[in-house]
Asker: 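My questions will all concern the structure given below.
What you see is a predicted model; the values in this text were computed from it and never measured. These numbers come from the heavy atoms of this one structure, side chains and all, not from hydrogens, waters or symmetry mates.
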Amino acid sequence: MAERSSSSSSNFAKGIHSVVVTGGSKDADPTRTDIARNAFMMAGACSAFSGVVNKIGGPFGATVIKDNQIVSCSHNTVFRDHNPTRHGEMCAIRQACANLRSADLSGCDMYTTCEPCPMCWGAIQRSGIRDMYIGVDRYLAAEFSFSDKAYYDEIALLHNALNSKEQAQPVVSNFLTVRVGNPLKALVQDQLLGGDSTTSGDGGDSAWLTVLQADTTQDGSPQAKRSPSIADQRISAEQHAEFSEQLVSYAREMIAKHGSGAQPDGHEACILVDTQTGGVVGRGSALTAGHEDASGGFVTAAVEQATSEFKTQFLTECIAYCTVEPDPMNFCSLLWAKVPFLYIGLPQGDVDAYRNRTPGSQDGERTHRIFEKFFKREERKKQEQPGAVDRVVLRDECADLFRLFENVGGFGQLF
């Protein structure tokens with residue numbers, strides 16, 4: 001073990017001289033661009049190295065660059081902060097936004113030691129970062145037991161299910177139970193979007209779609225749970241209605257205070273409810289969460305507030321209420337926090353319908369664009385071969401971070 005760790009350390013010392021970039025060769029003379037890219041990736045890798053050794057977080061570091069200068073450099077701090085949103089890319093984006101005093105990072109590039117999860121990828125899209133360079137792709141990361149494929153698949157499953165009106169059978173999720181519909185749906189339409197209740201779906205009191213959390217059969221295959229989650233059983237129908245009203249009232253308060261104006265997605269809001277106490281433990285609005293920080297969203301803000309309250313990164317006793325379907329960044333923060341139950345007012349398709357029939361409305365436009373990019377990216381990934389990912393820098397050195405992580409305790413640090 002000690003020998004592997006020592007080897008990992010020595011690789012970092014000599015890593016700046018390595019050239020591992022797409023289209024290049026280790027045997028070729030490095031260009032100035034190659035050397036600069038290695039330096040930028042090495043900065044993030046060294047940051048992650050420190051985080052792993054000090055047991056602050058996983059083997060993930062990221063650097064944001066503008067005009068060939070480092071704007072920010074940070075690493076995963078999930079273990080230290082007990083916060084599932086503090087991934088390396090999220091921390092680097094937050095730091096860059098603070099340093100540049102803007103949530104707009106267009107013109108910046110990112111160097112990250114590992115291909116990002118959907119939450120971090122979504123934050124990168126929201127920030128406007130131009131190009132992204134990675135060390136370890138998703139295929140190599142999976143060999144070290146870091147696979148985000150299930151999360152990418154889950155987001156696609158949920159989005160397709162929520163925006164299809166022809167579900168013959170309940171959809172089975174691997175992570176959580178999701179319900180969409182009234183009373184929250186009618187409240188969002190009438191009080192936030194200013195529309196009627198006839199855009200889509202049914203007009204009854206029950207949800208028109210339920211995505212059931214998966215259980216496992218004796219042969220290991222997934223099946224829908226026969227009963228609701230324990231967390232959901234603690235909340236009555238009357239309480240669900242009360243929390244729906246609280247959520248919409250909070251969203252209206254934020255619009256009145258900050259004004260949706262030219263800001264898109266002003267109707268997006270989330271609350272997290274602790275089912276053991278029946279109290280709201282986290283709130284977030286798109287009008288405040290992402291105003292100065294591209295990694296801040298209406299759900300991630302609520303998750304951060306709740307995890308700070310409980311001093312844990314897992315919110316297994318909570319229910320999330322969202323006015324509308326969260327985008328990949330926001331939704332994945334719920335997955336990382338292990339929230340078992342999600343109640344949504346409107347799917348993205350209904351928000352798009354409202355936006356299309358309301359001249360000048362920007363509501364939902366950013367989320368719509370991010371979903372389009374998400375599905376285009378995943379379609380390209382289906383054709384991609386492991387090891388053939390574009391913009392790879394210092395792959396071997398970044399892989400050593402995962403080996404080091406295993407040597408110092410790995411996932412055992414979580415418990």
Asker: Side chain to side chain contact (heavy atoms under 4.5 Å, CB included) between Val53 and Leu404: does it pass, once the steps are laid out?
Answerer: CA-CA 8 Å; Val53 168; Leu404 178 67; 4.1 Å; yes
Asker: Under the side chain to side chain contact (heavy atoms under 4.5 Å, CB included) rule, collect the residues that match up with Ala337, sequence neighbours excluded.
Answerer: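 Here the qualifying residues are Pro84, Val303, Leu315, Val339.
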Asker: Should the heavy atoms of other residues, nucleotides or ligands under 6.0 Å from CD of Glu292 be counted, would the total exceed 12?
Answerer: no
Asker: Is there a side-chain contact between Met132 and Arg391 (heavy atoms, below 4.5 Å)?
Answerer: no
Asker: Within the 4.5 Å heavy-atom criterion, are Arg377 and Lys381 side-chain neighbours or not?
Answerer: yes
Asker: Would a 4.5 Å heavy-atom cut-off, applied to side chains only, mark Ser295 and Thr300 as touching?
Answerer: no
Asker: Any sub-3.5 Å donor-acceptor pair from Asn76's side-chain atoms to Gly57's backbone N or O?
Answerer: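 No; zero donor-acceptor contacts below 3.5 Å.
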Asker: Taking atom types as modelled and ignoring hydrogens, do the side chains of Glu268 and Asn330 form a donor-acceptor contact shorter than 3.5 angstrom?
Answerer: no
Asker: Please report the closest heavy-atom contact between Pro347 and Val180, naming both atoms and the distance.
Answerer: CD-CG1, 3.9 Å
Asker: If we ignore angles and hydrogens, is there a donor and acceptor under 3.5 Å between the side chains of Asp104 and Ser106?
Answerer: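 Distance-only check passes for Asp104 and Ser106.
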Asker: In Å and rounded to the nearest 0.5 Å, what is the NZ to OG1 distance from Lys338 to Thr312?
Answerer: 10.5 Å
Asker: Side-chain contact, heavy-atom cut-off 4.5 Å: Asn83 with Glu304?
Answerer: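 Touching, per the 4.5 Å side-chain cut-off.
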Asker: Run the side chain to side chain contact (heavy atoms under 4.5 Å, CB included) check on Met110 and Leu105 step by step: do they pass?
Answerer: CA-CA 10 Å; Met110 173 174 279; Leu105 300 183; over 6 Å; no
Asker: Let me confirm one number: the CG-CD distance from Leu401 to Glu406, rounded to the nearest 0.5 Å.
Answerer: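 Output value for this atom pair is 11.5 Å.
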Asker: Report yes or no: does Thr323 contribute a side-chain atom to a donor-acceptor pair with the main-chain N or O of Ala269 at less than 3.5 Å?
Answerer: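 Yes.
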Asker: My understanding is that only residues two or more places apart in sequence, or in another chain, count here; which of them pass ring-ring contact (aromatic ring centres under 6.0 Å, His included) with Phe146?
Answerer: Phe60, Phe402, Phe405, Phe411
Asker: Do Glu325 and His159 meet the criterion of a side-chain donor-acceptor pair at a distance under 3.5 Å?
Answerer: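 There is such a pair between these side chains.
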Asker: Atom CD1 of Ile65 and atom CZ of Phe40: how far apart are they, to the nearest 0.5 Å?
Answerer: 4.5 Å
Asker: Find out whether Leu176 and Leu335 are in side-chain contact, i.e. whether some heavy atom of one side chain is under 4.5 Å from a heavy atom of the other.
Answerer: yes
Asker: Taking Asp131's backbone N and O only, do any of them form a donor-acceptor pair with Asp109's side chain (distance below 3.5 Å, no angle check)?
Answerer: yes
Asker: Below 4.5 Å, heavy atoms only, C-beta onward: do Leu346 and Leu193 meet side chain to side chain?
Answerer: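 SC-SC contact between Leu346 and Leu193 confirmed.
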Asker: Distance from Ser249 atom OG to Leu192 atom CG, nearest 0.5 Å?
Answerer: 9.0 Å
Asker: Can you establish whether the number of heavy atoms outside Glu372 located under 6.0 Å from its atom CD is more than 12?
Answerer: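 Atom CD in Glu372 is crowded, with more than 12 foreign heavy atoms closer than 6.0 Å.
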Asker: Name all residues meeting the side chain to side chain contact (heavy atoms under 4.5 Å, CB included) criterion together with Cys91; count only those two or more places apart in sequence or in a different chain, and write none if there are none.
Answerer: Ser74, Thr77, Arg86
Asker: Could you check whether any side-chain heavy atom of Phe341 comes within less than 4.5 Å of a side-chain heavy atom of Val273, counting everything from C-beta outward?
Answerer: no
Asker: Heavy atoms, side chains only, cut-off 4.5 Å: are Asn38 and Val393 in contact?
Answerer: yes
Asker: To the nearest 0.5 Å, what is the distance between CG (Leu158) and CG (Asp153)?
Answerer: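 Leu158 CG to Asp153 CG: 12.5 Å, rounded to 0.5 Å.
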Asker: Locate the shortest heavy-atom distance separating Ala294 from Met329; write the atom from each residue and the value.
Answerer: O-SD, 4.0 Å
Asker: Tell me every residue that passes side chain to side chain contact (heavy atoms under 4.5 Å, CB included) with Thr33, counting only those two or more places apart in sequence or in another chain.
Answerer: Thr31, Arg37
Asker: Go through the steps to decide whether Ile134 and Val392 satisfy the test side chain to side chain contact (heavy atoms under 4.5 Å, CB included), and finish with yes or no.
Answerer: CA-CA 5 Å; Ile134 66 171; Val392 174; 4.2 Å; yes
Asker: In chain order, what residues pass the side chain to side chain contact (heavy atoms under 4.5 Å, CB included) check against Gln276, with sequence neighbours excluded?
Answerer: Arg234, Asp274, Glu317
Asker: Which pair of non-hydrogen atoms, one from Val136 and one from Arg395, has the smallest distance, and what is that distance?
Answerer: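 Taking every non-hydrogen atom into account, CG2-O, 4.1 Å.
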Asker: Carefully, step by step, assess Trp121 and Ile370 under the rule side chain to side chain contact (heavy atoms under 4.5 Å, CB included).
Answerer: CA-CA 10 Å; Trp121 177 87; Ile370 289 175; 3.9 Å; yes
Asker: Sub-3.5 Å donor-acceptor pair from the side chain of Thr63 to the main-chain atoms of Gly44, do we have one?
Answerer: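 The answer is yes, because a donor-acceptor pair under 3.5 Å joins these two groups.
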Asker: Under the 3.5 angstrom rule, does the side chain of Ser72 hit a backbone N or O of Ala92 as a donor-acceptor pair?
Answerer: yes
Asker: Check Glu378 with Arg138, please: is the shortest side-chain N to carboxylate O separation under 4.0 Å?
Answerer: yes
Asker: Can you tell me how far the CD atom of Glu143 sits from the CG atom of Asp137, to the nearest 0.5 Å?
Answerer: 8.5 Å
Asker: Can you see which heavy atom on Tyr343 is nearest to which on Pro183, and at what distance?
Answerer: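 Smallest heavy-atom distance, with atoms named: OH-CD, 3.0 Å.
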Asker: Which pair of non-hydrogen atoms, one from Phe371 and one from Pro326, has the smallest distance, and what is that distance?
Answerer: CZ-O, 3.4 Å
Asker: With a 6.0 Å cut-off on the ring centroids, do His240 and Tyr321 count as close?
Answerer: yes
Asker: For Tyr151, enumerate each residue passing the side chain to side chain donor-acceptor pair (under 3.5 Å) test, keeping only those at least two apart in sequence or located in another chain.
Answerer: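 In terms of side chain to side chain donor-acceptor pair (under 3.5 Å), with neighbours along the sequence ignored, Tyr151 is linked to no residue.
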